[in-house]
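In what follows, a structure is listed as structure tokens, so that the remarks can point back to it.
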Amino acid sequence: MSSPIERVPKRLFIAGRWADAASGATMPVEDPATGQILCHVADAGPEDGRRAEEAAFAAQEEWARTAPRARSEILRRAYDIIISRTDELALLMTSEMGKPLAEARVEVAYAAEFFRWFSEEAVRIEGAYGTLPDGRNRMLLMRRPVGPCLLITPWNFPLAMGTRKIGPAIAAGCTMVLKPAPQTPLSTLALAAILQEAGLPDGVLNVVPTSGPGALVEPMLRGGRIRKLSFTGSTQVGRTLLAQCAGTVVRASLELGGNAPFIVFGDADLDVAVDGAMVAKMRNMGEACTAANRFFVHTSVADEFAARLAERMGSLVVGPGTEPGVDVGPLIDQAGRAKVADLVADAVERGAKVLVGGETPDGPGCFYPPTVLTGVDPGSRLLGTEIFGPVAAVLTFDDEDEVVRAANDTEWGLVAYVFTRDLSRALRVGERLEVGMVGLNTGLVSNPAAPFGGVKQSGLGREGGRVGIEEFLEYKYLAIPA
Ligand code: NAP
């Protein structure tokens with residue numbers, strides 16, 4: 001029997017057809033556990049981008065007229081297919097991205113859930129009808145799809161970051177061009193094949209993997225046909241794209257980086273706090289925008305918390321994600337690993353103590369060990385940037401005002417984690433933290449039924465929840481004389 005990598009189409013998906021790049025170019029997809037090339041996929045250039053945009057534009061009007069129930073059922077069928085192929089999709093994801101198979105299976109379920117959720121939302125798009133206050137006019141208020149969308153996804157959750165955008169776009173009646181991250185195009189191409197199998201009409205979804213995103217994307221954003229950008233990635237790239245959107249006033253949803261504080265008060269249940277830390281830090285090897293980046297622990301429990309965390313982190317098994325029993329796979333590439341190692345070296349030079357980990361291993365693959373640092377100097381670079389790796393930096397604090405100030409002292413505001421047994425403190429601190437999401441005594445906030453997103457430079461808009469579809473809908477009102 002052929003492998004999932006052999007079965008996935010490795011070409012561009014435009015207007016319902018699988019095609020080579022106009023230039024004939026291809027790009028390699030690597031296994032981060034070995035550094036070996038898994039396969040090559042078509043590498044789209046600007047001409048392919050133009051064809052994909054044209055296909056999305058051509059399909060928009062008819063797609064917007066489709067019955068909501070029909071859109072809903074396509075999503076629901078795709079959900080069923082994804083779930084039925086969990087093992088195959090998980091293996092594909094682990095091969096190109098590195099996360100352990102068990103985590104990949106959890107992502108497949110999480111990703112599929114966005115399709116089920118938005119299949120339920122597709123049939124609940126509502127308008128309004130009423131008399132205006134002056135009594136002379138009536139108002140008919142309707143919701144319309146925003147139009148053709150450009151979706152850009154990162155490599156860290158290759159399937160879920162796609163479904164979180166495709167789901168609401170399909171539900172709302174938008175067509176789209178999707179550019180996946182070049183490290184992980186296979187999961188997205190497999191998803192496109194599943195949506196086609198589920199009955200998605202030609203041209204509604206177009207997928208263009210590329211090694212040259214700037215040259216492909218900028219003409220689309222400046223061309224006037226794309227009406228919406230939905231981007232997940234770094235704040236730096238998000239800023240560039242937002243500036244490009246300004247030219248033709250393209251609506252933008254941006255899910256950007258984070259610098260999550262993880263706060264443990266002196267009265268916290270330390271078992272719960274350490275469990276929460278393991279999830280908030282180690283989910284996806286720390287390569288998550290929601291990853292706890294700065295641990296603030298009350299002085300009275302800091303030593304015990306750090307020792308327990310180091311013990312748990314040190315017991316994790318590091319290795320290729322496809323091997324049984326592995327907890328921590330490789331980081332995405334050599335550049336990602338070098339960044340993590342540099343940040344640890346900088347903290348250690350400034351006086352941090354390494355409780356566990358901290359040494360880059362020899363050998364192939366982009367592995368980095370789970371690491372716990374204490375005594376981290378406030379000037380250390382890892383406190384001011386996303387670590388994006390399995391490194392926990394533990395700082396201490398003495399009072400609530402001090403820790404809230406420190407937690408908010410960042411340009412980002414995606415998520416925070418708070419551990420305490422005092423309900424009024426939990427609510428008070430939860431209100432004061434400048435973030436879009438707070439985990440109270442939990443290290444996991446992501447859920448398709450909840451609005452995911454940040455404030456400050458962590459982004460614009462929300463994905464998931466009841467509001468997720470709003471990002472893909474416009475208001476239109478008809479004034480009618482009474
Ligand atoms: P990235 O470097 O910003 O890339 C994200 C995507 O944008 C990739 O597909 C990338 O392609 C593309 N891109 C880069 N430059 C572009 C340009 N000029 N025009 C158009 N597209 C361009 O981020 P990443 O390293 O893949 O992902 C990690 C980041 O994503 C982290 O900052 C993380 O916090 C963030 N993230 C946020 C969320 C959230 O929901 N808030 C979720 C997951 C991840 P290339 O790789 O070819 O450059």
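FYI, side chains are in, hydrogens and waters are out, and symmetry mates aren't considered; it's all heavy atoms of this structure. We count ligands from 1, going down the list as the structure has it; atoms in each ligand are counted the same way. This structure is a prediction, so every number in the text was calculated from the model and none was measured.
- Under the 4.0 Å criterion applied to side-chain N and carboxylate O atoms, E470 and R462 are not assigned as salt-bridge partners.
- Evaluation of the salt bridge (charged side-chain N to carboxylate O under 4.0 Å, His left out) rule for E120 yields no partner, not counting sequence neighbours.
- A donor-acceptor pair under 3.5 Å links the side-chain atoms of R294 to the main chain of A406, judged by distance alone.
- Take R76 and apply the side-chain hydrogen bond (donor to acceptor under 3.5 Å, both in side chains) test, not counting sequence neighbours, and it matches D80.
- Residues L343 and I387 share a closest heavy-atom pair of CD1-CA, 3.9 Å.
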Where does ligand 1 get N/O contacts under 3.5 Å from the protein, atom by atom?
| residue | atom | partner | partner atom | Å |
| --- | --- | --- | --- | --- |
| ligand 1 | 3 (O) | S234 | N | 2.7 |
| ligand 1 | 3 (O) | S234 | OG | 2.5 |
| ligand 1 | 9 (O) | T153 | O | 2.9 |
| ligand 1 | 9 (O) | K179 | NZ | 2.9 |
| ligand 1 | 11 (O) | K179 | NZ | 3.2 |
| ligand 1 | 23 (O) | S234 | N | 3.4 |
| ligand 1 | 25 (O) | W155 | NE1 | 3.1 |
| ligand 1 | 26 (O) | W155 | NE1 | 3.2 |
| ligand 1 | 30 (O) | G233 | O | 3.4 |
| ligand 1 | 32 (O) | E386 | OE1 | 2.6 |
| ligand 1 | 34 (O) | E386 | OE1 | 3.4 |
| ligand 1 | 34 (O) | E386 | OE2 | 2.6 |
| ligand 1 | 40 (O) | R164 | NH2 | 2.8 |
| ligand 1 | 41 (N) | L256 | N | 3.3 |
| ligand 1 | 41 (N) | L256 | O | 2.7 |

What pairs of donor and acceptor atoms, side-chain ones from residues 150-163 against any protein atom, are under 3.5 angstrom apart with sequence neighbours left out?
| residue | atom | partner | partner atom | Å |
| --- | --- | --- | --- | --- |
| N156 | ND2 | E287 | O | 3.2 |
| T163 | OG1 | A111 | O | 2.9 |
| T163 | OG1 | A160 | O | 3.2 |

